[in-house]
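Ligands are counted one by one from 1 in listed order, and the atoms in each one are counted from 1 as well.
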Amino acid sequence: MTDILKHITEKLHDVTEANFEGANIVLYTNNEKFFKEGESRIKEIVDELKKRIELRADQKILPSQEKTKAEIERIIPSEAEITNIIFDFHRSIVIIEAKKPGMVIGKQGSILDQIKKTTLWTPHVQRSPAIKSKITESIREVLYANNNYRRKFLNEIGEKIYKEWNPEKVEEWVRLTFLGGARQVGRSCLLLQTPNSKVLIDCGIDVASSGKEKFPYFDIPEFDIRELDAVIISHAHLDHAGLLPYLYKMGFKGPTYMTHPTMDIASLLALDFIGVAYKQAAAPLFSSKDIKEMVKHTICLNFNEVTDIAPDIRITFYNSGHALGSAMVHFNIGNGLHNFLYSGDYKYARTRLLDPAVSSFPRIESVLTEATYGSKMDILPPRIESEEKMIEIINKTIERGGKVLIPELGLGRAQETMLIVEDAMKTGKLKKIPVYIDGMIWDINAIHTAYPDFLSNYVRTSVFQDRNPFVSETFSRVGSPQERRNVVEGGPCVVLATSGMLVGGASVEYLKEFAESSKNSIIFVCYQGVGSLGRQIQEGLTETTMNVNGMEERVKINLEVHTIPGLSAHAGRNEIMSFFNNMRPKPKRIMINHGEVSKCLDLASALYKINRVETSVPRILETVRLR
Ligand SMILES: [Zn+2]
């Protein structure tokens, strides 16, 4: 047994079993009295060790599942609308899914406490989403079906984390290697190394590139998948998470840390990625089996939850305001020896969908920031202006009998656009016209409604009050080729479709149909990768070859092309500058990645001038010694 568990069981004689669930310690007891009243003893040990410890009842003293179910239904008020009760026997946990989780929890957890004390099972509460999400359901199924595997897996993770549990041990160095995403956007991937640990930060694919350029450099000597302790994913976009299932295909068996919504969305995007590959008659990089492996090995964390992921590395996710569940990752390395912040992608402004990124942290020595809109030319216009411009373009196009295509990343901006359009129709700024949603946006809407706690205050309240904007009758879902045909042949409308850069997906199908008529408009609201069809059209492409009904055909681009940068999910130059201006505490070093090279260099010199700290723009494959 690991020292820390021995230490605990020697102090608490009523504990019959002690093990890990990741970094958390779980104790089991067959003494009913101790289970009900032992809280203060547990708290003493928590204070001493500064670790999360949970006490559960031993399987031997648990009442039957039928009896417990009846008891739970008796205790919880019917207004909570329970949709499912699931038992995790191996962990003495009962999962209660309900439409109103707050009513299951009770004031300060009073109802949960009552359930725990009467049934001895440990209750966990989950929200049943307002829109049924197949992906969220199947992920939960994968996890339930693999309960026993998960229990062993999480215990092994804990054993590794606490293996050399020695708070006094001093670290000598910390290094960060850029495997991808340096001086470029796409394939974000970093290797963080200490004498004790190797951690991969993000695992992205560059969908706009081809050949080897798509992938991070996994073929370098210091990267060995067998030596990897953990992977951390900042958010679900393909350029940050798209290759994660591939790691599991290559034999990775360790844990990946991310937020709950990121896990659901990353799984959905990965499944879609397989689908797109088939449509392009290419062999997919991984299968749904590998996505399942990813889910089985994922440990979900909430924002602001401090967690050990290795003997010498502790991480905390902070809201980054970029997409549902997107996080900045704070690393506390070597018990405070070095604190490093990985910004991931972030937005330092309030949007309709999300709150702005967090900018104060416990401690920080070094930061790696994104620079998608990092140059001095990238001052984003105010949101309100951008929203008005979008409404104006839509109105003008509709008046002349045209259709509007808005290519969207499935995650993030499509929901933002929906909120803008819904509001404009409600307030009469926009005529009531059909708004069609195609591609996987609908599924991602469902995931948004499953995690209202990650949304902005306004949207969260709307969801809680049954005014869920994503199920508004303004929006119609396009699900079949026939329905798509109807949209193409029908009258003026707005179409929101993935992919955002016109690289495969429904948006390309609509472009083929809309491109030749100058009555129509296309509005770009998200970043267009170098080389993508979206970028080419943005830069004035007048003709392209597209596959129409299996035949290569020349298609003229006559439709009106608009770009609205002010709705970007990324921080503009002014936001990046004010993020560092407001950041507490001040870092000693700022590194820049995730941006075209000129933007990164421009941002580096501006940040240096104002903050007078070391700034650098590492190249791909470069290793930086953080300490
Ligand atoms: Zn992103």
Given Asp355, which of Lys347, Arg460, Arg350 fulfils the side chain to side chain donor-acceptor pair (under 3.5 Å) condition?
Arg350
Under 2.8 Å: N/O/S of His570 next to the Zn ion (ligand 1)
no
Kindly assign one of parallel, tilted or perpendicular to the pair His235 and His237, based on the angle between their ring planes and the thresholds 30° and 60°.
perpendicular
Decide whether Tyr451 and Thr259 meet the rule of one side-chain donor and one side-chain acceptor closer than 3.5 Å.
no
Row for the Zn ion (ligand 1): angle NE2 (His322) to ND1 (His237), 10° precision, value 90°
Can you name the N, O or S atom of Asp345 that is closest to the Zn ion (ligand 1)?
OD2
Relative to the ring of Phe331, is the ring of Phe340 parallel (under 30°), tilted (30 to 60°) or perpendicular (over 60°)?
parallel
Under 2.8 Å from the Zn ion (ligand 1) - does any N, O or S atom of His235 fall there?
yes
